[in-house]
Amino acid sequence: MSEYSSQYDLAVISTRSTDSNIELWGRCKTGESIFLQIEGLKPYVEVTYKGIETPSDIYQRLEELRKRDDVVELLELGDKWTESGNKKMWKVIMKGSQHKDRKLFREENRDDWKFYNADFNHERRLFLDLDLGTHISVNCEVNEDHKFPVDIYAKTDINNLKNIEAFQAPFVIASFDLETSIADNSILCAAVIIDQLDTSGQRKKQPEDYTFIGTEKEIMKGMTDLIRSKDPDIITGYNIDNFDIPRLEERLNYLTRKEDKKSREELFGWSRAPNKIPSDMVPKKKFNSKKWEIIGRCFVDAWWQARMMLRPKRETLSYVSQLLFPEREDLRKLEIDASKMDEEWKNRPEEVLEYCKRDALLPWEILDELKIIPGKESLAAVSKTSLDIVINGTTSNWIDSLVIRLADRSNVAVPMTKRYDRSDQIAGGYVHEVEPGVFPWVAVLDFKSMYPSIMINNNICRTTMIEDINSQLPCHESPDGVKYLHKNQREGLVPKLLMDLMSQRDFHKNEMKKAEKDGNKPKKRFHDGMQYAVKILMNSFYGVFASVFYRFTHKNIGSSITAWARYNITEIIRQLEEENQNVVYSDTDSIFVSVPMNNNVPTKRSEIESEAKVFDDAKEELIRFGHELAERFTEDAAELEFETGLSAFFSHGAKKRYVGRMIWPKEEMIIRGYETRRSDSFTLLTNTMTSMFEYILDGNQESAIKEVIDLIKEVKRGHADVEDLVISRSCKGKVLKDGTVDFNDVYSNPDGLPFVKAAKERIKLGLEFTSGMKVAYVVTKTSGSTQEVEPWLVEDGGEPVLNYDADYYSKRLAKALGRITEAFGWSESELLSGTRQTTLFSF
DNA sequence: ATCATGCCCTAA
DNA sequence: TGAGTTAGGGCATGAT
């Protein structure tokens, strides 16, 4: 029985440690926001002696540690596995819980000791030591008398926390936008949208909206009061990390004195608790990072999320919104020229305010449409971390969360992050040469979760890797000669975790099917999200273990995984070729094999029913062949699956570039690698190429070539729509304190890059620039050897570019499309001239 | 003209 | 965004 009277189920948003407590912020299942002060977990590191033998003066050394001011207690732990064998460990309980405390301790004792469990934040220990995940139940004592902006402020200790089944927390979301003066950077007006998810991950139909006008101080104070009273868990907006948040900070510094804590908090005190240094509630940039930190809440930039998930050609809010919501007429209204904001604000403030409100709502609608928040929560649940770690942390943090807790329970010492040195990189996957041309009837097979399977099957882990070259223990030996102990000698941590994840995924897939049968949509969505999160996490293991810095890896681990992968795939190719089967293509974990057919079966199904049977029979044969191959080459857990049946496959002869007419399990055209897939290509090229591929896969090459020749003529005459010629590439640059951008810092010859020229034009016009953003432009002229470009600013409220370099665009089209038509005898120059000597087709 | 280099973006 | 990997295509520039 708990000594405390209150009990809550909650999702953990973020945590922080002080020397005596761990602080935790969460959102309860019942809707309240909660702050917990948790007692009883003391900060510690683990140590052992250097070398293999126990030093003779070990007790004297331990005594010296014990006498230190920063050490509270020293406990003997028994033996743990380390990279240099099993060694006795001691737990050093420390006074300080902060990074600097551990760092100092390590530095002052590095001559005598090796350190384990010594380089990550104390608050993570809460999850690791108590084996907690994102969703927990707590018994606590509520304190009504507090100053934090949360619904429940409570105290508890580590004995009153327990894991519960994952659920979707009813997170509160705030989305905001500022309109600012070009002339003096001041804030003209602002809007904030407040919304909340329900426990099935859906949002309210009608979110609340608030607008703010008046003096800058009134606007900032109004927003801050709203944030404090509505108490959101997630704060979003479009490009807030690079624009709105820094602007709020800049205006805060302009309007207040550094020491005036009270005013600063009144204007921008959005956090749920004060920072450590300076002790105020104002969000700040994390040390040595570009990320903004807000205690107890999470900033989520909708720009970054949309970019990662959609890979849009352009990245302005208006472009992304139209991409996601093409039906929405309201998005086309209210165009305000952002480069003339001061005039707009003066002449039609009401429209500007409406525009601001819309731009505050859209980021939240984007996050909602992409199901970002439920997705993050699922990933947090599967990796057993706080929401904050999933949003702001790194892939290795997720892996750490699972590996460290298992290591602790398996008496494996947790080493520190390794030093960064990537001088020689490991070999990767195998890619098969591809011949140019059309290949009818192709079965595509691929290995199911190839890298995870390899890790499981061969018991690959740092703890099972054999370094003793004379070892006679039973083991798995990789094609590049790395040995791993058999499972019956020692089970690796990584294979165990991966197997657990695999069965977790099966569980969620099953639950998903059940829910679908019952017509329970929210439940189906939930389990679908969970199984997807498990997939993402499983696929992250290889990358982290192939990295050079990860604490639980070794260079040989990454190289042996890929060596096995190359061996498996090339061995199958070898066997097939020995049987005179035609392997058309292969990349890393997939094989494309020609299906032997008796005669020339058309690759397109005839409209006439009596003639369609040939095609249908061929399709049957394709499916049978695919399944048969898959079964033949599946071994143990290395499962080869028949993934796709193609009626036709085409490549112009370059690796990682191909198209296929998929007819099984569903009908669609697949395109890989080609310009069509690239966000830095222009619409006219991608559209033409797509249409060409359609013709080619249907066996109608004549139409494909005809279309290209006609198009190139039109482009040469200057008849193309300039909007279809916009090229967009991401551009880096170091944004300096005074707002200017240094391109020399990131590029060796910035002025030789067309997208840098375009970025400079943007900046000149007073439009915002952030490093990594996509910059759109049109090539207008080629003088000498370099291009002249004009920025495309339509999505920023500017006018369209009127002319283009006809020579450049027709050449580029001819080049890209010529690579493809070359497979049928039409070269780039022939496409440009529209004629050729020896005609394949007459027109 | 040809080749090397720098850069972006994609496949897996 | 101070940390998942390698393989590969293609464009533009600038030196030879």
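For clarity, every value in this text was computed on a predicted model and none was experimentally measured. In what follows, every heavy atom counts, from backbone to side chain, and hydrogens, waters and symmetry copies are set aside. Chain letters run A, B, ... following the sequence lines, proteins first, then strands; residues in each count from 1.
A:Lys555 and A:Asp424 are joined by a salt bridge, as a carboxylate oxygen and a charged side-chain nitrogen come within less than 4.0 angstrom of each other. A salt bridge links A:Arg657 with A:Glu675: at least one charged nitrogen is closer than 4.0 Å to a carboxylate oxygen. Between A:Arg672 and A:Asp587, none of the side-chain N atoms (NZ, or NE/NH1/NH2) sits under 4.0 Å from a carboxylate O, so this pair counts as no salt bridge. Using a cutoff of 4.0 Å between basic side-chain nitrogens and carboxylate oxygens, A:Glu822 and A:Arg819 are not scored as salt-bridged. Of the charged side-chain nitrogens involved, at least one lies within less than 4.0 Å of a carboxylate oxygen, so that A:Lys655 and A:Glu433 count as a salt-bridged pair.
Closest to the side chain of A:Ala546, from the set B:dC8, B:dA12, C:dT5, is C:dT5. Side-chain proximity of A:Phe549 to the nucleotides C:dA3, B:dC9, B:dA12 is greatest for C:dA3. When distances are taken from the side chain of A:Ser679 to each of B:dC8, C:dA7, B:dT10, the shortest belongs to B:dT10.
We find that NZ of A:Lys286 is positioned 9 Å from P of C:dA3, with the value rounded to whole Å. Between A:Phe447 atom CZ and B:dA11 atom C1' the separation is 18 Å, expressed in whole Å. Between the CZ atom of A:Arg311 and the C1' atom of B:dC9 there is a distance of 8 Å, given to the nearest Å. In this structure, the NE2 atom of A:His432 is 16 Å from the C1' atom of C:dG8, given to the nearest Å. Rounded to an integer number of Å, the gap from CD1 of A:Ile820 to C1' of C:dG9 is 13 Å. For A:Ile536 and B:dA12, the CD1 to P distance is 16 Å, given to the nearest whole Å. One atom, OH of A:Tyr777, and another, C1' of B:dC8, lie 10 Å apart when rounded to the nearest Å. Separating the CG atom of A:Asp680 from the P atom of B:dC8 is a distance of 10 Å, rounded to the nearest angstrom.
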Sugar-phosphate means primed atoms, P, OP1 and OP2; the rest is base. With that split, encode nucleotides 10-16 of chain C 5' to 3' as B, S or - using protein heavy atoms under 4.0 Å. BSSSS--
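Counting non-hydrogen atoms of neighbouring residues, nucleotides and ligands closer than 6.0 angstrom, the CZ atom of A:Arg574 exceeds 12 such neighbours. The environment of NZ in A:Lys285 is crowded: more than 12 heavy-atom neighbours from other residues, nucleotides or ligands sit within 6.0 Å.
By the salt bridge (charged side-chain N to carboxylate O under 4.0 Å, His left out) test, A:Lys103 is found to be paired with no residue, residues two or more places apart in sequence or in another chain being considered.
Within 4.0 Å of A:Lys655, counting heavy atoms only, lie sugar-phosphate atoms of the nucleic acid but no base atom. The residue A:Tyr451 sits apart from the nucleic acid: no heavy atom pair falls under 4.0 Å. Using a 4.0 Å heavy-atom cutoff across all strands shown, A:Lys732 reaches sugar-phosphate atoms only and no base atom. Within the nucleic acid shown, A:Val775 has no heavy atom closer than 4.0 Å to any nucleic acid atom. Contacts of A:Tyr430 with the nucleic acid, taken as non-hydrogen atoms under 4.0 Å apart, are absent. Using a 4.0 Å heavy-atom cutoff across all strands shown, A:Ser771 reaches no nucleic acid atom at all. Nucleic acid contact for A:Gly428: sugar-phosphate only, since backbone atoms but no base atoms lie under 4.0 Å from a heavy atom of the residue. At a threshold of 4.0 angstrom between heavy atoms, the contacts of A:Ile426 are confined to the sugar-phosphate backbone, with no base atom among them.
A sub-4.0 Å separation between OP1 or OP2 of B:dC8 and a side-chain N or O of A:Lys774 is absent. Put simply, A:Arg672 has a side-chain N or O that comes within less than 4.0 Å of OP1 or OP2 on B:dA12. For A:Ser396 and C:dG4, the shortest distance from a side-chain N or O to OP1 or OP2 is below 4.0 Å. Between A:Tyr658 and B:dA12 there is a side-chain polar atom (N or O) within less than 4.0 angstrom of OP1 or OP2. Contact annotation: A:Lys656 side-chain N/O to B:dA11 OP1/OP2 distance is not under 4.0 Å. Side-chain nitrogen and oxygen atoms of A:Thr394 include none within less than 4.0 Å of the OP1 or OP2 phosphate oxygen of C:dG2.
Place A:Asp587 and A:Arg307 on DNA chain B by their nearest nucleotides, and A:Arg307 ends up nearer the 5' end. Map A:Ser547 and A:Gly429 each onto its nearest nucleotide of DNA chain C; the residue landing nearer the 5' end is A:Ser547.
Exactly one residue among A:Lys774, A:Arg729, A:Arg311 makes a salt bridge (Lys or Arg N to Asp or Glu O under 4.0 Å) with A:Asp680. That residue is A:Arg729.
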